[in-house]
Asker: 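Submitted below is the structure of interest, expressed as structure tokens.
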Amino acid sequence: MREEIARLMSLQAIDRELRELEQTLSSIAGKVDSLRQETESYRAELTRLSEEEQHSALERRRLEKEFAEGEARVRNKRMRMNQVRSDKESLAVSHELDALRENNQRLESELLALMESADPRAARLQELGALIEAKAAELSAAEKDIAAQVEDLKVSIAKQKVDRDLMSRDIAPPLLQRYEMIFSRRGGLAVSEAREGACQGCRMKLPPQLFNEIQKHLQIHFCPNCQRILYFDAAARE
Ligand SMILES: [Zn+2]
């Protein structure tokens, strides 16, 4: 039984290293992913604002044309005004002239609003261009940087997996399965020391009879509380 416990402990050491390697690998991949996402979101904003800019330019041309036509109409109406003969007709033309001027004023303020909104957009578009360039450079540097690191990690992980296979071959399959289940559910600690009458994994006091049995190492014992595999280390006793 001592041997089986020793094998389980070696397996646990390998599994913990593997877990750390895999976590490092995924955090490295995560950094690149988040850079990629940032770049993408800047690109999306750039596309959206460029489209807005195009629409705005079209709208501006339309308003400018309408405004120029409006001004021509006012000029014509003024000439007409000089030719009227009766007061009644003069009043009517004057009303028409007011309406035309009012319409021109509305067009003018729409044009101004359009121009005002174009300024911050142009600034942001310029800013986005620079941001995208910087992020893309950062991303490709990061990708180059981690490529080697990722390769090393993958090699280390593959080596550890070979060791793990060799080690687990000598452990009875039901015990191995139980170990694996506890390892994944209990934060990477499946084999725990029983010391001073308590499970060191969950700190629970063990029944004295169980603690005695563990010290004899005649069979594998589990913590009644956290289900971890328990062992007793005589050398650790003071
Ligand atoms: Zn426990």
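Given the structure is predicted, the values throughout are model-derived calculations rather than measurements. For ligands, and for the atoms within them, numbers begin at 1 and follow the listed sequence.
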Asker: Taking only residues two or more places apart in sequence or in another chain, which ones pass salt bridge (charged side-chain N to carboxylate O under 4.0 Å, His left out) with K77?
Answerer: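 Salt bridge (charged side-chain N to carboxylate O under 4.0 Å, His left out) list for K77, sorted by chain: E96.
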Asker: With the threshold set at 4.0 Å, does a side-chain nitrogen-carboxylate oxygen contact exist between E89 and R80?
Answerer: yes
Asker: Are any non-hydrogen side-chain atoms of L210 and P224 less than 4.5 angstrom apart?
Answerer: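 SC-SC contact between L210 and P224 confirmed.
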Asker: Would K135 and E138 pass as an ion pair if we require N to O under 4.0 Å?
Answerer: yes
Asker: Can you see whether N103 engages R106 through a side-chain donor-acceptor pair at a distance of less than 3.5 angstrom?
Answerer: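 There is such a pair between these side chains.
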Asker: Do R7's NZ or CZ and the ring of Y179 fall within the cation-pi criteria of under 6.0 Å and 45°?
Answerer: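 Relative to the ring axis of Y179, which defines the angle, R7 lies outside at least one limit.
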Asker: Which protein N, O or S atoms lie under 2.8 Å from the Zn ion (ligand 1), given by chain and residue number?
Answerer: C199 SG, C202 SG, C223 SG, C226 SG
